[in-house]
Amino acid sequence: MQTKTLNLETISEAAELIKAGQLVAFPTETVYGLGADATNETAVKQVYLAKGRPSDNPLIVHIADVETVKKYAASLSSDALKLMDAFWPGPLTLIFKLKPNVLSPAVTGGLDTAAFRFPDNQATLALIKAAGVPMVGPSANTSGKPSPTTAEHVLHDLSGKIAAVVDDGPTRVGVESTVLDMSVETPTILRPGGVSKDEIEAVLAHPINDEQHHVGIKEVPKAPGMKYKHYAPNAQVYIVDQPNDWPAVARWINHHPQEIVGVMGTDDIINNIDWPENARVVSLGADVQSASHRLFDELREFDNHSEVKSIFTQAFETTGLGEAYMNRLNKSAGQSHFDQQMMENAD
Ligand code: TXA
Ligand code: MG
């Protein structure tokens, strides 16, 4: 199959493909998604096959109006209505209990809940409206790889496996939506993302829970997707926790002249160090916003340079968007840090 590249002008062609049960990747403000008609079970099953995604990992249902959520959700609390009003369209995904038998188990992974998202992207909202059906949409990457933030990333992973990609340039946020479970007594963040806990609590005027701070390392996370290997480039990522650690990173690279080593940090850090010749230095911009916007793109770029075996990447504080950035970085590093032992190796 030849994968077509479409855009806002040719959105009716994308809608015809969705209606015909084909897969079409679509842009959002967070990352690109892999779209299929959520009401067509055969099409939804193809999404799992194209991604190589485990079938117990439920999909987000993308909608272009609140009415569609009302059609599927068993009920909407006043908290839910407040959040939709404040953040939709935008990077907040809400999980609701479903009415019985309204969505295929292929969408829900057999759960009695489903995740709903109203993306902030004109082309995709036009696509959903023109297709006239809600659209499932996991991130449009091969399972395990960093999520795609450009149409080129989508084509790299899925060219020939899907009918089309709607190209709307690079995404704005760069990390996925916040997944908030509204089917429990106290709303609970299952995945940090583009909307922060503080922003949600400010709208609700009461505290919410954050699963990351309650689930022990051996427990199964409630968002099934969070238990799988994620966001991993071919090279080993090491997290550099403190700004003061960077001179030691430069020394470590200097002491390993036979290796080509990746470095990702903000301008204030990378511009103040005299990097050895074997360092491949990449800017994460000025702050956590630009770092989140670039993280997946730069990790993918290192996959084009197979000589790079290690990538040292800057940590941020886990407040605001930093929570989502660090969640993704921790997963791509598999918890590896530039630690005491490596520091000693540098001296
Ligand atoms: O920004 C995003 O959310 C992107 C764009 C394309 O919209 N989509 C995305 O989808 O990141 P995906 O499938 O890669 O991640 C969805 C996450 C997974 O961890 C999944 O397990 C969880 O949401 N999830 C979906 N439905 C759920 C449910 N009913 N209960 C608990 N977790 C759920
Ligand atoms: Mg994903």
Side-chain angles (χ1 to χ4, degrees), residues 24-36 38 44 47-48 50-64 72-74 87-98 102-121 124-125 127-128 134-149 153-154 157-158 165-166 168 171-184 187-195 211-212 215 220-232 292 296 324 327-328 331-332:
V24 177
F26 61 89
T28 78
E29 75 282 28
T30 58
V31 302
Y32 276 72
L34 179 53
V44 172
V47 169
Y48 288 88
K51 269 184 71 87
R53 179 176 174 115
S55 62
D56 69 341
N57 190 3
L59 304 174
I60 295 175
V61 179
H62 292 72
I63 44 96
Y72 292 110
F87 297 110
W88 281 6
L92 178 66
T93 294
L94 298 173
I95 294 179
F96 297 114
K97 273 243 158 55
L98 292 171
V102 287
L103 282 171
S104 157
V107 175
T108 63
L111 301 172
D112 60 358
T113 56
F116 293 90
R117 164 148 154 72
F118 195 143
D120 187 12
N121 181 281
T124 291
L125 294 177
L127 171 58
I128 296 168
M135 210 166 56
V136 293
S139 47
N141 51 288
T142 300
S143 226
K145 284 284 153 194
S147 298
T149 59
H153 296 163
V154 174
D157 285 14
L158 298 174
V165 55
V166 176
D168 189 42
T171 62
R172 176 166 55 81
V173 181
V175 291
E176 300 90 336
S177 63
T178 304
V179 177
L180 184 65
D181 190 354
M182 300 300 292
S183 74
V184 289
T188 301
I189 294 181
L190 304 184
R191 178 180 74 181
V195 174
E211 204 208 14
Q212 297 207 89
V215 176
V220 176
K222 209 183 154 199
M226 300 306 277
K227 69 175 181 273
Y228 295 109
K229 187 173 158 81
H230 252 95
Y231 313 117
S292 300
F296 292 154
N327 172 275
R328 308 308 189 271
K331 284 174 188 291
S332 61

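Throughout, residue positions are numbered sequentially from 1 according to the sequence presented. Side chains included, hydrogens not; waters and symmetry mates left out as well; all remaining heavy atoms used. Start at 1 and go down the list; that is how both ligands and their atoms are numbered.
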- Heavy-atom distance to atom 8 (N) of ligand 1: which of G137, G33, A115 wins?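 Selected option, by shortest heavy-atom distance: G137.
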
- Option of least heavy-atom distance to atom 30 (N) of ligand 1 (set: I95, V61, T124):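 Considering heavy atoms of I95, V61, T124, the nearest to atom 30 (N) of ligand 1 sits in I95.
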
- Task: For D181, enumerate each residue passing the salt bridge (Lys or Arg N to Asp or Glu O under 4.0 Å) test, keeping only those at least two apart in sequence or located in another chain.
- Result: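 Only K222 meet the salt bridge (Lys or Arg N to Asp or Glu O under 4.0 Å) criterion with D181.
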
- Task: Enumerate the protein N/O/S atoms at a distance below 2.8 Å from the Mg ion (ligand 2), ignoring waters.
- Result: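 Atoms qualifying: S139 OG.
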
- Expected output: side-chain S292 to main-chain V175 donor-acceptor under 3.5 Å: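 No.
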
- Distance-only, no hydrogens or angles: does the Y32 side chain make a donor-acceptor pair with backbone N or O of T171 under 3.5 Å?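 No.
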
- Query: With backbone taken as N, CA, C and O and side chain as the heavy atoms from C-beta onward, which portion of H230 lies under 4.0 Å from ligand 1: side chain, backbone, both, or neither?
  - Reply: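 Answer for H230: neither.
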
- Query: Any idea which heavy atoms bring S143 and G52 closest together, and the distance?
  - Reply: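 That closest heavy-atom pairing would be CB-O, 3.3 Å.
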
Using a 4.0 Å cutoff against the non-hydrogen atoms of [X], which atoms of ligand 1 qualify?
| X | value |
| --- | --- |
| I60 | 3 (O), 8 (N), 9 (C), 10 (O), 16 (C) |
| L111 | 28 (C), 29 (N), 30 (N) |
| S177 | 1 (O), 2 (C), 3 (O) |
| N57 | 18 (C), 20 (C), 21 (O) |
| T30 | 1 (O), 2 (C), 5 (C) |
| P138 | 10 (O), 12 (P), 13 (O) |

Run the contact test for [X] against ligand 1 with a 4.0 Å cut-off on heavy atoms, strictly below, and give the result.
| X | result |
| --- | --- |
| P91 | no |
| A114 | yes |
| T108 | no |

- Task: Sequence neighbours left out, what passes side-chain contact (heavy atoms from CB on, under 4.5 Å) with T124? Give chain and number order.
- Result: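 Here the qualifying residues are F26, P27, P119, N121, I128, M135.
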
Please tabulate, for the side chains in residues 88-97, all donor-acceptor contacts under 3.5 angstrom to protein atoms that are two or more places apart in sequence or on a different chain.
from: W88; atom 1: NE1; to: L92; atom 2: O; distance (Å): 2.8
from: T93; atom 1: OG1; to: S177; atom 2: OG; distance (Å): 2.7

- Any N or O of Y32 that comes nearer than 3.5 Å to an N or O of ligand 1?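 Y32 vs ligand 1: no N/O contact under 3.5 Å.
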
